[in-house]
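Some notes on the structure that comes next.
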Amino acid sequence: PVFTPESFDTSRDGEKYVVSVSYAPTAGGTRVVMRYAVCPRGTVRVKESVSGGNADFFRVGVEFAMNGRYSTIDFYGPGPHETWCDRKSSAPTGRYIQDVTDQIDFTVVRPQEFGNHVDLTWFRILDEKGCGIELTSPVKFGASALPVSRPDLDLSTGRWRHTRELIPLMHKEDRTLGKTYIHCDLAQMGLGCVNSWGRIPGEASDGYMVHPGNYEFSFTITPIVK
């Protein structure tokens, strides 16, 4: 769905500057309110409130982009391979450092979701000098950082039909020419696939779906400077 800003307010709370954005309800009736508290030294505390809707959500969270030079991910959680709410028992918890261009599995024929990591304590996106940002939350959360955007992975656009077609978009030889696309999620539906990649997660276990309702997700973006 496309979220259209309905109101935009700014205020000051002590040393913090607060920005609140309310979005008009989507056609499905989902409403989103975002609150950003910008603190001294660049830390940003984000609160997302989601309510309503008449269909299951794919995910509840935020997405944003950074310059492609931020191409290293450093996280503490299950790994090293990608994990999902219904695909994580094989991943031991630890600290893992990886490149965003290695998050896409080219043995998979068609573009789809890649590189997700769940049950995270922290997730960092860094450049070659170790500078960048750290994402943290009071609750375990999910995150990913990819060299291609979510629309690039969406088969419904009809643009890319094979994962190999994504290679030029990655700018692997010079990542400064591309971007790094980050997702930070409170929840994302499971993969399902319990009968050879056809059955949806809700048919296997209702705990792997994200039903319409009220959700609040708080997380912090902390700059890392060296």
Side-chain angles (χ1 to χ4, degrees), residues 1-10 16-24 26 30-39 41-50 57-75 77 82 98-101 103-104 111-118 120-127 130-154 157 166 169-171 175-189 210 215-225:
V2 177
F3 293 94
T4 304
E6 190 176 51
S7 66
F8 184 95
D9 299 304
T10 60
K16 301 190 298 290
Y17 288 89
V18 179
V19 178
S20 297
V21 185
S22 178
Y23 293 86
T26 65
T30 302
R31 178 179 287 276
V32 175
V33 177
M34 300 294 301
R35 182 182 186 272
Y36 306 89
V38 183
C39 306
R41 299 183 181 179
T43 297
V44 181
R45 295 191 175 94
V46 184
K47 181 177 180 180
E48 178 184 34
S49 299
V50 179
F57 298 141
F58 172 48
R59 71 200 322 156
V60 174
V62 302
E63 60 181 2
F64 59 94
M66 298 174 65
N67 185 279
R69 74 174 183 270
Y70 298 97
S71 290
T72 298
I73 61 172
D74 180 356
F75 65 91
E82 61 185 14
Q98 301 171 354
D99 193 277
V100 298
T101 60
Q103 302 302 297
I104 296 178
Q112 54 191 274
E113 284 288 315
F114 294 110
N116 193 59
H117 300 282
V118 300
L120 297 174
T121 300
W122 44 260
F123 188 86
R124 298 168 182 162
I125 306 99
L126 308 169
D127 65 9
C131 300
I133 61 172
E134 178 183 72
L135 305 177
T136 56
S137 175
V139 299
K140 297 292 186 180
F141 64 100
S144 66
L146 300 173
V148 294
S149 69
R150 179 173 49 82
D152 290 332
L153 300 175
D154 188 353
T157 65
L166 300 175
L169 307 180
M170 295 168 52
H171 297 286
R175 287 287 297 134
T176 63
L177 299 177
K179 291 185 178 181
T180 297
Y181 298 89
I182 296 97
H183 284 95
C184 183
D185 297 321
L186 172 67
Q188 184 175 169
M189 68 180 290
V210 184
Y215 297 88
E216 287 195 351
F217 180 34
S218 297
F219 65 96
T220 300
I221 304 173
T222 304
I224 299 176
V225 180

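When reading the values below, keep in mind they use all heavy atoms of this one structure, side chains included, and skip hydrogens, waters and symmetry mates.
- Of the inter-residue distances, the one linking I125 atom CD1 with Y181 atom OH reads 14.5 Å to the nearest 0.5 angstrom.
- Pairing each heavy atom of G130 with each of I224, the nearest pair is O-CG2, 3.4 Å.
- Summarising the geometry, atom CD belonging to E134 is positioned 8.5 Å from atom CG belonging to D74; distances are rounded to the nearest 0.5 Å.
- Side-chain contact between F75 and Q98: present, with at least one pair of heavy atoms (C-beta onward) separated by less than 4.5 Å.
- Using a 4.5 Å heavy-atom threshold, the side chains of E216 and K47 count as touching.
- If you take SG on C184 and CD on E48, they are separated by 9.0 Å, rounding to the nearest 0.5 Å.
- Counting non-hydrogen atoms of neighbouring residues, nucleotides and ligands closer than 6.0 angstrom, the CZ atom of R45 reaches no more than 12 such neighbours.
- Around OH of Y17, the count of heavy atoms belonging to other residues, nucleotides or ligands within 6.0 Å does not exceed 12.
- For the pair V139 and F219, the minimum side-chain heavy-atom distance is 4.5 Å or more.
- Expressed to the nearest 0.5 Å, how far OH of Y70 lies from CD1 of I133 amounts to 9.0 Å.
- For the residue pair R175 / T180, a side-chain donor-acceptor distance below 3.5 Å is found, with atom types taken as modelled.
- Considering only heavy atoms from C-beta on, L153 comes within 4.5 Å of L166 through its side chain.
- Residues M34 and V32 are in side-chain contact: their nearest non-hydrogen atoms beyond the backbone lie under 4.5 Å apart.
- The two residues A24 and E6 make their nearest non-hydrogen contact at N-CB, 3.7 Å.
- Side-chain contact between S22 and R31 is present, with at least one heavy-atom pair separated by less than 4.5 Å.
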Exercise. Taking it one step at a time, do T26 and F3 satisfy side chain to side chain contact (heavy atoms under 4.5 Å, CB included)?
Worked result: CA-CA 6 Å; T26 65; F3 293 94; 3.4 Å; yes
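- Within the 4.5 Å cutoff, no side-chain heavy atoms of L135 are placed close to those of L120.
- Annotation: the span from M170 atom CE to I104 atom CD1 amounts to 5.0 Å, rounded to 0.5 Å.
- Looking at every heavy atom in both residues, V21 comes nearest to P5 through CG1-CB, 4.3 Å.
- Panel note: side chain S137, backbone S218; a donor-acceptor pair is recorded below 3.5 Å.
- Atom CG of D154 is separated from atom CD of E113 by 9.0 Å, given to the nearest 0.5 angstrom.
- Residues H183 and Q188 form no side-chain contact, since every pair of their non-hydrogen atoms from C-beta on lies 4.5 Å or further apart.
- Closest approach of F123 to H117, counting heavy atoms only: CE1-CD2, 4.3 Å.
- The aromatic rings of F141 and F217 lie tilted to each other, with the angle between the two planes from 30° to 60°.
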For this session: Check the pair R59, V210 against side chain to side chain contact (heavy atoms under 4.5 Å, CB included), reporting the backbone distance first and the verdict last.
Result: CA-CA 7 Å; R59 71 200 322 156; V210 184; over 6 Å; no
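- Summarising the geometry of K16 relative to C39, their closest heavy-atom pair is CD-SG, 3.6 Å, with the distance given to 0.1 Å.
- In this structure, G178 and H171 approach most closely via the heavy-atom pair CA-CD2, 3.6 Å.
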